[in-house]
Each structure stands twice: as structure tokens, then as C-alpha cells.
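Each remark here refers to the structure printed beneath this line.
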Amino acid sequence: MEDTQQQQKQQQHQEKITMWVESFSDDLYSWALYKTNDKLVAEDLVQDTFFAAFKSLDSFREESTAKTWIFKILNNKIIDHYRKSSRFKKISVHNEEEGIILTNGLFDKHNNWNPNGLEDKWEQDEHLLDNTDFNKIMSLCMDDLPTPWRTAVSWKYYLEREAGEICQELNITPSNYWQIIHRAKLLLKKCLEKNWFGK
């Protein structure tokens, strides 16, 4: 009896993954190719993503959409790919409280930016998002954010989810959401200055 149930469960998982492959493969591949600029790497990452999804399908509680869950797995695969060949310097923020303290320190007592000598470099690089190496660092910086901040930024800018939908999924107020987005962008700026402009 148990063997039969296990076979049925395995069959259901295979059918679900097959449906997701048909529905999401093109979007996943486009994103992986954009982030890596390498067709073979992108194909491998997408394949690894579906394999990982199949192995951990029991952990999918449908608290988010299947596409959101699959993209999260892909982004983790992309980050792992970059991390293997990177000397990335983490900004060492382990939780939201540390993130708030650090972002508060980016301003002086008059609420102006504390200068760091990199202001002109931001203006000089107009096409950073077209640079594959920059996108690698950006992915690692994203992964270095506190988890709720990373989720909010990813859903807003990568998945183009509406603010109200993100607030509902994260169980936060609109005011808290905009604070998270603002502070996450500040941490990303600091991380990029440390790992990109400061290199």
C-alpha cells in the first residue's frame, strides 16, 4: 500500500514539474541568460533549478505562486554560480536591526550623505545593468540583504509585483514596505561601492 502511495506521489510530482517546465522555462532561461551572459551556463542553471524543485517539492507550501518559488530557486543557483569564482566582500548585515543601524550611519547629523569619494563614479557609469560583471556583483549584494528586504526588492524589481501584493505576502504595512525598499537600496549602494567601484 505504501509503495503504491509513494508511486502515485512521485507521479504527481513529475506531472507538476513537467507543467512548470512547459510554463516557466522560457522566462527562467531569459533571466539566467541576462544574469550570466552565457547560454550554456543559463541552460545548466535552469536544468538545475527544476531538478532542485523536484527534489524539494514537498517543501512548497503554496504560500507564494509556483513561479515565485521557482524563481527564488533559480536566483539561489545564480548566486551560487557567482560565489564560486568571486572574492565578494560581504557587508555583514545579519538581520533587519543591523541593516537599520548601518543605513542610519550613511548620513550625517544634518541628514546629508556622508561623502566617500565615489560620488562621481555613479554618474560616469550610465549602463551598468548592461555589464555582466556588474550584474554578478549585484546578485551577490542582493543575497547579502536581510531576507525580508531581499524578498521585497526581488519581487518589486525582478518579478514586478505590486506594492500591495508584496505587503500582503510579507504581512507588512505600506509604510514599512517603503522603508524596507529605501533601506535595502541604501545597503545595495554601499555593497556595490565596496565590491564594484571600490575594487
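Residues take their numbers from the sequence shown, with the count starting at 1.
Here CZ of Phe54 is found 5.0 Å from CD of Gln14. Values are rounded to the nearest 0.5 Å. Put simply, CG on Leu45 and CG on Asn75 are 10.5 Å apart, with the number rounded to the nearest 0.5 Å. Summarising the geometry, atom CG belonging to Leu187 is positioned 5.0 Å from atom CH2 belonging to Trp149; distances are rounded to the nearest 0.5 Å. Taking CG of Asp143 as the start and CD1 of Ile79 as the end, the distance is 3.5 Å to the nearest 0.5 Å. Atom CD of Gln179 sits about 7.5 Å away from atom CG of Asn176, to the nearest 0.5 Å. Here the CG-CH2 distance, from Leu28 to Trp31, works out to 11.5 Å after rounding to the nearest 0.5 Å.
Nearest heavy-atom pair across Leu170 and Pro148 is CD1-O, 4.1 Å. Nearest approach of Ile166 to Lys156, heavy atoms of both residues: CD1-N, 3.7 Å. Closest approach of Ala163 to Trp178, counting heavy atoms only: CB-CZ2, 4.3 Å. The two residues Tyr29 and Ala42 come nearest to each other via the heavy atoms CE1-CB, 3.7 Å. Of all non-hydrogen atoms in Ala32 and Ile78, the two that sit nearest each other are CA-CD1, 4.2 Å. Here the shortest heavy-atom pairing between Leu145 and Ala184 reads CD2-O, 3.8 Å.
Under the side-chain contact (heavy atoms from CB on, under 4.5 Å) test applied with Trp155, the options Arg161, Glu160, Arg150 reduce to a single match, Arg161.
Counting heavy-atom neighbours within 6.0 Å of Glu15 CD, excluding the residue itself, gives a total above 12. Annotation: Tyr158, atom OH; neighbour count of heavy atoms from other residues, nucleotides and ligands within 6.0 Å is above 12.
A donor-acceptor contact shorter than 3.5 Å links the side chain of Asn195 to the backbone of Cys191.
A donor-acceptor pair shorter than 3.5 Å cannot be found between the side chains of Thr151 and Ser154.
Put simply, the side chain of Glu43 does not reach to within 4.5 Å of the side chain of Gln47, judged on heavy atoms. Under the 4.5 Å side-chain criterion, counting only non-hydrogen atoms from C-beta, Thr68 is not in contact with Glu169.
Taking a cutoff of 4.0 Å between a charged side-chain nitrogen and a carboxylate oxygen, Lys67 and Asp27 qualify as a salt bridge.
Under the 4.5 Å side-chain heavy-atom criterion for Ile, Leu, Val, Met, Phe, Trp and Tyr, Leu159 and Tyr157 are members of the same hydrophobic cluster.
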Assess the residue pair Met142 and Met138 against the criterion (side-chain contact (heavy atoms from CB on, under 4.5 Å)); give the C-alpha distance rounded to whole Å, side-chain angles, the decisive distance to 0.1 Å, and a yes or no. CA-CA 6 Å; Met142 282 287 296; Met138 171 64 91; 4.3 Å; yes

Take Leu192 and Phe134 through the test side-chain contact (heavy atoms from CB on, under 4.5 Å) and record every step on the way to the result. CA-CA 9 Å; Leu192 289 168; Phe134 176 82; 3.8 Å; yes

Starting from the C-alpha separation in whole Å, work towards a yes-or-no answer on side-chain contact (heavy atoms from CB on, under 4.5 Å) for Ser56 and Trp69. CA-CA 11 Å; Ser56 58; Trp69 186 67; 3.7 Å; yes

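Between Phe50 and Trp20, the distance from one ring center to the other does not fall under 6.0 angstrom.
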